Amino acid sequence: MTDRTSFQTALIHHDYVAPEGFAAFPQAIHHASTVLFKDVASMRSRNWQDKTAYTYGLHGTPTTFTLEARLAAIENGKHCLLAPSGLSAIAMVDFAFLKSGDDVLIPDNVYNPNRELANWLAHDFGIAARYYDPLIGSGIADLIQPNTRLIWTEAPGSVSMEVPDIPAICKAAHAKSVLVALDNTWSAGIALRAFDLGVDIVMQALTKYQSGGSDVLMGAVITQDQALNHRLELAHMRLGFGVSADDSYLVLRSLPTMKLRFEAHDAAARKIAAWLQTQPQIATVLHPALPECPGHEIWQRDFSGAGGLFSILFDARYTEAQTDRFVDSLKLFKIGFSWGGANSLCVPYRMQHMRRNWPHQGQLLRLNIGLEDPDDLIGDLRQAFDAL
Ligand SMILES: *Cc1c(COP(=O)(O)O)cnc(C)c1O
């Protein structure tokens with residue numbers, strides 16, 4: 001700065017550059033909308049899709065590129081794009097691969113906002129969305145039409161927890177050049193190797209285990225294929241899916257402990273699920289590691305673990321008012337959506353409103369087993385049974 005620079009300008013322009021060579025474990029948090037170019041030529045020559053350089057905060061910073069690379073590695077993928085929520089990651093996939101006149105197949109137990117989005121695309125955007133039995137397996141071949149472009153899968157499906165036969169669905173899809181996307185949130189990419197099973201596009205709600213703190217909303221789409229990633233990048237750019245640097249940092253900070261947390265959730269959930277199986281008030285425990293969960297054999301074949309999320313069906317003799325009282329009596333389990341954090345949660349669902357042919361009479365309750373001592377959680381459930 002020259003001596004003539006006004007005080008006001010000096011508040012904005014400064015010459016100090018911190019010394020190079022700083023090294024530490026945490027990824028630096030880069031806040032930026034504007035990214036600077038050293039001259040016009042470098043501005044003109046830079047391509048926003050080239051991840052060896054920077055163009056605009058929306059397209060990435062060292063913080064978000066680092067998170068993308070680490071998430072791709074976890075899934076054994078090559079490319080990753082971040083989105084501001086799990087649901088927006090789902091939307092990125094739909095907008096990248098579907099256009100008017102196309103057909104998309106969706107499992108009947110899909111995460112409900114995915115269904116809501118698909119129904120909107122069907123109603124207002126000329127895309128056909130059809131729902132299939134999540135246990136259909138290779139039978140999906142009969143549903144594929146010439147205009148079918150994409151098959152969504154979710155393993156296990158939300159709330160009712162059926163485990164689909166992903167390799168069979170991928171085989172049938174690929175025989176007809178249809179893409180398969182997997183919502184792999186439940187396994188966090190730890191307990192299911194999606195690309196090994198043939199999946200083309202993996203979606204994650206980082207809001208869950210990757211964050212682990214019940215404090216971040218973020219999603220990711222991961223691929224191994226450059227051409228697929230290119231189409232996703234266009235959708236990502238056109239939809240303006242930026243994520244915050246601070247949120248990216250929070251996820252990066254949680255990743256080193258993710259597997260340890262996941263295994264702790266898994267062990268506690270299986271202990272509690274086994275205890276719940278012995279309770280006379282419970283008709284069925286919908287946990288993929290238990291034989292009574294539809295698709296259990298597929299979980300055994302394809303998965304190396306389970307998360308902390310499962311559902312229970314009460315005996316049909318209990319009314320909704322009674323099971324609501326059970327939920328209201330819980331002390332450690334809080335009532336709330338989302339999962340993957342340290343706190344145990346539960347949500348009662350009215351399945352008749354969510355599924356086309358729901359066969360069960362009893363009330364359903366979804367449990368997220370947090371990181372509390374599982375014996376304390378069993379104690380909490382036991383005292384709530386007394387309120388039934
Ligand atoms: C939570 C969740 C999502 C969406 O994540 P958000 O960040 O809440 O939008 C998608 N799929 C599954 C299976 C989920 O549980």
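Keep in mind that what you see is a predicted model, and the values were worked out from it rather than measured. Whatever order the structure lists them in is the order used to number ligands and atoms, beginning at 1.
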N/O of [X] under 3.5 Å from N/O of ligand 1, yes or no?
| X | result |
| --- | --- |
| Trp339 | yes |
| Leu87 | yes |
| Gly86 | yes |

Item to check | Distance from atom 8 (O) of ligand 1 to nearest protein heavy atom, with residue and atom | outcome: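 Ranked first by proximity to atom 8 (O) of ligand 1 is Tyr111 OH, 3.8 Å.
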
Item to check | Protein contact of atom 11 (N) of ligand 1 - nearest heavy atom, named by residue and atom, plus distance | outcome: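 Answer, as residue, atom name and distance: Asp183 OD2, 2.6 Å.
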
Next on the checklist: Looking at Asp386 and Arg382, is any side-chain nitrogen of the basic one under 4.0 Å from a carboxylate oxygen of the acidic one?
Outcome noted: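 No.
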
Checklist entry - Under 4.0 Å between a Lys/Arg side-chain N and an Asp/Glu carboxylate O for Lys271 and Asp375? => result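 Between Asp375 and Lys271 there is a salt bridge, with a charged N closer than 4.0 Å to a carboxylate O.
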
Checklist entry - Would one find more than 12 heavy atoms of other residues, nucleotides or ligands at under 6.0 Å from atom CG of Asn357? => result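 Result for CG/Asn357: open.
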
Next on the checklist: Can you tell me if His123 has over 12 outside heavy atoms packed within less than 6.0 Å of its NE2?
Outcome noted: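 12 or below, so no.
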
Next on the checklist: I'd like the name of whichever of Lys208, Met203, Glu154 reaches closest to atom 1 (C) of ligand 1 through any heavy atom.
Outcome noted: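 Comparing heavy atoms across Lys208, Met203, Glu154, the nearest one to atom 1 (C) of ligand 1 lies in Lys208.
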
Checklist entry - Do Asp380 side-chain atoms and Leu330 backbone N/O form a donor-acceptor pair below 3.5 Å? => result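 Side chain of Asp380 to backbone of Leu330, a donor-acceptor pair under 3.5 Å: no, none is there.
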
Next on the checklist: Run the salt bridge (charged side-chain N to carboxylate O under 4.0 Å, His left out) test against Glu68 and tell me which residues pass, sequence neighbours left out.
Outcome noted: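 With sequence neighbours excluded, Glu68 shows a salt bridge (charged side-chain N to carboxylate O under 4.0 Å, His left out) to Lys51, given in chain and number order.
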
Item to check | Atoms in ligand 1 with a heavy atom of Thr207 nearer than 4.0 Å | outcome: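 Checking each atom against Thr207, I get 6 (P), 7 (O).
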
